Amino acid sequence: MFRQKLSFLKMIRGVGSWGLLLVAVWLLTSCGTPQPIPNNGPQAAPTPSPMIGGSAGIGPPPSLVPIPTLFPTKTPWATTTPFQDTPPTAVPKPNEGTPIDYDQPVLIMDYLIPGLGLERRLGGTIDADLQMSDEATGAQVVRQQQAAILLELQGILNNLSLAPLPNECPLCVRLSYELPLANLSGSGWLTNTQLLASMENFTAIYLGPHFPTNTIIGLRRSASAYHSAHTIAVTSDGQVWIWSAVEAELSAPVPIGQLETTLLAELEALPLEELAETYEVPCDGRPVETLFLQKEASQKTVRVLCPELSLPSHLLPLYLNLDTLINAALADSFASREDELAPMVPLATWLEYQRADGTQLTIEIDGAATLVTAEGDVVTTTLPLAEIEPITAELLALDVTVPGLAVYFQRNVSDLIIIRDKNGFNELGWDSQLIASIPPAIVQLDAWITALMPTDATPTPISTPTTEPTATPTPSP
């Protein structure tokens, strides 16, 4: 149990001890008691409680705005009295000179999954400061002026029923707490899905994702509108862990298989020192993801946002295999990634060609190709990698190919090609009627489109070239 008193800044000065004690009691009691959270056992993945800070982002903790009504103005007591000929006789006050202990705990809580090596602790004090610690890593975070969160937590815990822990259940989620001023405590099996999701989300925001200590490949995805937060970890002893934030009892790890062996080979081939700290493309509603890689004495933690459009070509195969494993293990728990990301390109996209006539050709990193005609007909095939690689290399070598996806999002050209390389996507956009000389690579792409076109469809011929293609420059930030 986390019993050590926390050392924090003093919020209020220059107030008499009785006045301060009343302020402290008012701070903890005046806002009423939040409604109880029903304890209905494991349910469908919920949206994490507002208690836990909103969306799960990684990086520096966001500033949480205090509720003004919880913080009375620190106006000092009056120190002057009306003029009198004879000074009044001082009346002794009870406990005068005894300071209030601002470090006194009002909340102590442990959140544990012993079989996973997870042990995280939260503690709050009278002056509304919140300390969080990770016993596995030693990380500690202190957040000041957290009265709203402390009050919500106290209200939840006052009405929370914890189930008895099953015998020999190291993968059950355990919660224990103390409310010293209310003389309340509890301990048991946490099965409430809303609090499960909120505790995982809150601690991940401030302390980072949790992976087993011997993890060499790990990926955590924050919650989204389509799924709860979830994690996969491959450990050095050949085990694969996959779990969701709303599971009251985690599944045991499984021995490494063929796909995981491929993952290990992909990890060995990755130059960790060349990976960026962040791969991001703005995508509304997409969850933030954290990728952890450990190879020998070096490790890398990478923040990922919208992997479909941000991941580099050499990191994509490893990510795809992680995604495949997650989908197989948690397919029944949340909507498929295709449903979630329908407006974006497929995750495995290597090249996409959008023509002025409405035809679109998408080629994936394994050579799988999909043609969608202007009429909506879909044709699939597999193209030889040996023929795709020279085409992508030629297009990337063109002076008018630029990094980024400004044109992709603006859609202000009639024809567009995007190509993934070691830095992410590059693009080449132009208007068909202004092309002066069609590069051989585009001629080959048009030939593939013609060959794949359904027999009852008539492909639109390429416009007569008149000038060099020009790419729309990426706008300045």
Side-chain angles (χ1 to χ4, degrees), residues 48 52-64 118 120 132 134 136-137 139 141 143 197 200-212 215-234 241-245 263 266-267 270-295 298-323 325-326 337 340-341 344-345 347-349 403-405 409 420-426 474 477:
I52 310 304
S55 65
I58 305 301
S63 298
L64 301 181
L118 183 146
R120 294 184 163 180
M132 295 155 281
D134 186 319
T137 64
V141 175
R143 299 288 292 166
E200 192 276 345
N201 184 64
F202 186 58
T203 57
I205 288 174
Y206 292 107
L207 297 170
H210 175 79
F211 301 112
T215 296
I216 55 176
I217 302 174
L219 175 67
R220 177 194 179 266
R221 290 176 178 152
S222 304
S224 76
Y226 297 86
H227 57 67
S228 58
H230 52 276
T231 306
I232 181 172
V234 180
W241 293 83
I242 302 176
W243 72 93
S244 168
L263 271 172
E266 290 165 346
L267 173 64
L270 274 178
L272 297 189
E273 67 281 356
E274 295 181 10
L275 295 180
E277 300 288 340
T278 300
Y279 293 104
E280 295 184 356
V281 170
C283 293
D284 293 340
R286 266 58 176 185
V288 174
E289 308 184 24
T290 303
L291 180 64
F292 173 81
L293 303 170
Q294 172 82 45
K295 186 165 64 172
S298 61
Q299 65 180 40
K300 192 84 171 188
T301 300
V302 179
R303 173 188 166 100
V304 179
L305 184 60
C306 199
E308 289 76 8
L309 298 176
S310 66
L311 284 181
S313 54
H314 57 307
L315 191 54
L316 186 60
L318 181 143
Y319 185 93
L320 281 168
N321 284 330
L322 291 174
D323 184 67
L325 292 170
I326 290 172
R337 194 167 186 84
E340 177 180 358
L341 299 167
M344 297 297 170
V345 301
L347 177 60
T349 298
L405 291 167
F409 285 114
R420 194 190 304 265
D421 71 357
K422 64 179 182 179
N423 297 312
F425 268 114
N426 300 265
T474 303

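As the structure is a computational prediction, the values presented were derived from the model and not from experiment.
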Colleague: If you define the side chain from C-beta out and look only at heavy atoms, does anything of Leu309 sit under 4.5 Å from Phe409?
Modeller: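 In contact.
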Colleague: Give the minimum heavy-atom separation between Pro209 and Arg220, together with the two atoms involved.
Modeller: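 In this case the closest contact between Pro209 and Arg220 is CB-CD, 3.5 Å.
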Colleague: What distance separates Leu305 CG from Thr278 OG1, expressed to the nearest 0.5 Å?
Modeller: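 The CG atom of Leu305 sits 9.5 Å away from the OG1 atom of Thr278.
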Colleague: For Pro403 and Asn426, which heavy atoms make the closest approach, and how far apart are they?
Modeller: CA-OD1, 3.3 Å
Colleague: Might you point out which heavy atoms bring Thr215 and Phe292 nearest each other, and give the distance in Å?
Modeller: O-CE2, 3.3 Å
Colleague: Just so I know, are the side chains of Leu263 and Leu325 near enough to count as touching, which here means a heavy-atom distance under 4.5 Å?
Modeller: yes
Colleague: Sub-3.5 Å donor-acceptor pair from the side chain of Ser222 to the main-chain atoms of Val288, do we have one?
Modeller: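 Yes.
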Colleague: Do the non-hydrogen side-chain atoms of Val302 and Thr290 ever get within less than 4.5 Å of each other?
Modeller: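 No, every pair of side-chain atoms sits at 4.5 Å or beyond.
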Colleague: Taking C-beta and beyond as the side chain, do Arg221 and Asp323 meet within less than 4.5 Å on heavy atoms?
Modeller: yes
Colleague: To the nearest 0.5 Å, how far apart are NE2 in His230 and CD in Glu289?
Modeller: 7.0 Å
Colleague: So, are Glu273 and Lys300 salt-bridged, with charged N and O less than 4.0 Å apart?
Modeller: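 Salt bridge between Glu273 and Lys300, a charged N being under 4.0 Å from a carboxylate O: no.
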Colleague: Which heavy atom of Glu266 sits nearest to which heavy atom of Leu318, and what is that distance?
Modeller: OE1-CA, 3.1 Å
Colleague: From Leu320 CG over to Leu347 CG, what is the distance, rounded to the nearest 0.5 angstrom?
Modeller: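 If we round to the nearest 0.5 Å, Leu320:CG and Leu347:CG are 4.5 Å apart.
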Colleague: From Gln299 CD over to Leu272 CG, what is the distance, rounded to the nearest 0.5 angstrom?
Modeller: 9.5 Å
Colleague: For Ile232 and Phe211, work out which heavy atoms get closest and say how close.
Modeller: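 That would be O-CE2, 4.0 Å.
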Colleague: Flag the pair Val234 / Leu267 as yes when at least one side-chain heavy-atom distance between them is below 4.5 Å, and no otherwise.
Modeller: no
Colleague: Any side-chain heavy-atom pair from His227 and Pro287 closer than 4.5 angstrom?
Modeller: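 A side-chain contact under 4.5 Å exists here.
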Colleague: Keeping the roles fixed (side chain from Arg420, backbone from Thr349), state whether a donor-acceptor pair exists under 3.5 Å.
Modeller: yes
Colleague: For the CG atom of Leu207 and the CG atom of Leu118, what is their distance to the nearest 0.5 Å?
Modeller: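 Going from CG on Leu207 over to CG on Leu118, the span is 9.5 Å.
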Colleague: Taking the side chain as every heavy atom from C-beta outward, state whether Lys422 and Glu274 have any pair of such atoms under 4.5 Å apart.
Modeller: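 Counting from C-beta outward, Lys422 and Glu274 never come under 4.5 Å.
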Colleague: Find the distance between CD (Gln294) and CD1 (Ile217) and round it off to the nearest 0.5 Å.
Modeller: 11.0 Å
Colleague: Considering non-hydrogen atoms only, spot the tightest contact between Glu277 and Thr301 and give its length.
Modeller: OE1-O, 3.5 Å
Colleague: Apply the side chain to side chain contact (heavy atoms under 4.5 Å, CB included) test between Leu311 and each candidate in Val281, Leu316, Leu291; give the one that qualifies.
Modeller: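 One option only clears the test, and that one is Leu316.
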Colleague: Evaluate the side-chain proximity of Leu219 to Ile326: yes if any heavy-atom separation is below 4.5 Å, no if none is.
Modeller: yes
